[in-house]
Amino acid sequence: MTTHNADSAAALEVELVPILQDNYAYVITDVETGTVGVVDPGEASAIEAALRDMDLTPDWILLTHHHHDHINGAARLAESYGAKIAGAKADAARLPKLDAALIAGEDWSFGAQIVEIIDTPGHTVGHIAYHFEGAKVLFSGDTLFAMGCGRLFEGTALQMWQSLRKLAALPPETSVYCGHEYTLSNAAFAKTIEPNNPALIDRVAEVEALRGEGLPTIPTTIGRELATNPFIRAFEPAVKNALNLPGADDAAVFAQIRRRKDEA
Ligand code: ZN
Ligand code: FE
């Protein structure tokens with residue numbers, strides 16, 4: 001399934017490649033230059049098959065964080081296609097050897113695309129997200145999921161909350177491509193927090209229909225997450241009231257929601 005994004009000047013094609021248990025890798029093409037990338041190859045063979053089908057050769061491998069289900073195919077793809085590897089400089093010691101050691105807060109070029117590298121600690125401390133500004137596309141790794149967020153394996157709740165706030169500030173129409181198809185279980189949890197949120201009720205019906213047909217629920221958008229994702233909505237009075245935490249600090253409310261999900 002290929003999605004075309006944004007104004008033709010900055011078009012980026014994105015192909016979802018389901019891998020492993022419930023991960024998504026992505027094959028991306030900058031239409032103007034024909035530059036091809038693979039985001040988070042947690043294994044090589046499914047991606048090699050997808051590239052063969054599309055008759056594409058990757059120039060770049062883009063990594064969001066060091067977990068094996070996001071990097072295990074990187075070295076083999078780099079070797080067999082002569083692709084270069086991009087990832088967070090700050091986490092270089094835990095990533096395959098980087099050809100582009102990216103510094104969060106700085107822009108990177110992928111073909112004709114300007115890519116904002118966003119520091120998103122929380123799930124891991126060296127996690128980054130790739131924001132293709134012109135195409136309005138975000139690769140959020142295991143930071144922001146559809147109606148969910150990543151577990152706090154290394155960072156603190158405050159760090160994750162601040163990371164989510166940065167992503168929430170992107171244009172609402174931004175397409176979000178995340179690292180896992182966790183949407184159904186996230187939806188079930190979201191309903192326990194905001195059972196009467198009309199946007200959430202509609203969306204749960206929609207994702208249940210998609211999964212019933214075996215279709216991906218990705219991409220989502222920043223706007224849809226702001227309307228339905230309880231983690232990114234921790235600042236909303238409605239969410240605070242639902243948790244009996246009126247007037248509480250946003251990050252504390254987020255931490256409480258994260259705890260509940262961990263225990264669910
Ligand atoms: Zn991970
Ligand atoms: Fe993961």
Side-chain angles (χ1 to χ4, degrees), residues 14-28 37-47 50 61-77 85-96 98 102 104 117-131 137-164 166-167 175-190 207 211 216-220 225 229 231-232 254-255 257-259 261-264:
V14 182
E15 174 89 12
L16 282 76
V17 186
I19 59 168
L20 306 172
Q21 215 42 18
D22 50 27
N23 280 72
Y24 286 127
Y26 300 99
V27 175
I28 61 175
V38 179
V39 180
D40 280 358
E43 65 158 315
S45 42
I47 294 160
I61 311 291
L62 292 70
L63 305 175
T64 60
H65 68 293
H66 75 87
H67 285 156
H68 63 88
D69 61 315
H70 298 255
I71 69 171
N72 266 7
R76 177 162 135 194
L77 294 174
I85 302 178
K89 181 177 186 186
D91 220 2
R94 300 192 293 180
L95 295 171
L98 299 177
L102 305 174
I117 306 302
I118 306 176
D119 189 25
T120 49
H123 178 69
T124 68
V125 289
H127 195 295
I128 56 172
Y130 294 83
H131 177 219
V137 168
L138 175 76
F139 294 97
S140 62
D142 287 358
T143 297
L144 175 62
F145 295 126
M147 289 179 272
C149 79
R151 281 177 187 268
L152 306 178
F153 286 123
E154 296 175 8
T156 64
L158 179 59
Q159 281 177 315
M160 182 58 110
W161 173 245
Q162 289 168 340
S163 295
L164 292 175
K166 287 184 209 170
L167 302 184
S175 296
V176 179
Y177 294 89
C178 57
H180 290 267
E181 179 63 64
Y182 287 160
T183 313
L184 269 190
S185 70
N186 288 341
F189 174 75
V207 301
R211 294 310 290 157
T217 61
I218 306 306
T220 178
E225 293 314 305
N229 182 326
F231 295 94
I232 213 168
F254 166 78
I257 298 170
R258 186 61 262 177
R259 247 187 326 269
K261 178 74 162 67
D262 292 342
E263 290 160 6

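As the structure lists them, so they are numbered: ligands from 1, and atoms in each ligand from 1. Every value quoted in this text rests on a predicted model; they were computed, and no experiment measured them. Computed from heavy atoms alone, side chains included, the values below leave out hydrogens, waters and symmetry copies.
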Could you check which N/O/S atom of D69 is closest to the Fe ion (ligand 2)? OD2
For the residue pair H127 and H123, categorise the inter-ring angle as parallel (less than 30°), tilted (30 to 60°) or perpendicular (more than 60°). perpendicular
Taking 2.8 Å as the cut-off, does H67 contribute an N, O or S atom near the Fe ion (ligand 2), distance below it? no
Considering only N, O or S atoms of D142, the one closest to the Zn ion (ligand 1): OD2
Side chains of E154 and H65, donor plus acceptor under 3.5 Å: no
The atom name of the N, O or S atom in H123 nearest to the Zn ion (ligand 1) is NE2
Apex the Fe ion (ligand 2); atoms H180 NE2 and D142 OD2; angle rounded to 10 degrees: 100°
By the definition side-chain hydrogen bond (donor to acceptor under 3.5 Å, both in side chains), identify the one residue from D142, T120, D40, T124 that meets it with T64. D40
If you compare all heavy atoms of C149 against all heavy atoms of L164, which two are closest, and at what distance to 0.1 Å? CB-CD1, 4.1 Å
Around atom NZ of K166, are there more than 12 heavy atoms of other residues, nucleotides or ligands at under 6.0 Å? yes
Counting backbone and side chain alike, does D40 bring an N/O/S atom below 2.8 Å of the Fe ion (ligand 2)? no
Between the Zn ion (ligand 1) and H67, which N, O or S atom of the residue is the nearest one? ND1
From H65, does some N, O or S atom reach closer than 2.8 Å to the Zn ion (ligand 1)? yes
For the side-chain contact (heavy atoms from CB on, under 4.5 Å) test, which of L167, I218, L144 pairs with V176? L144
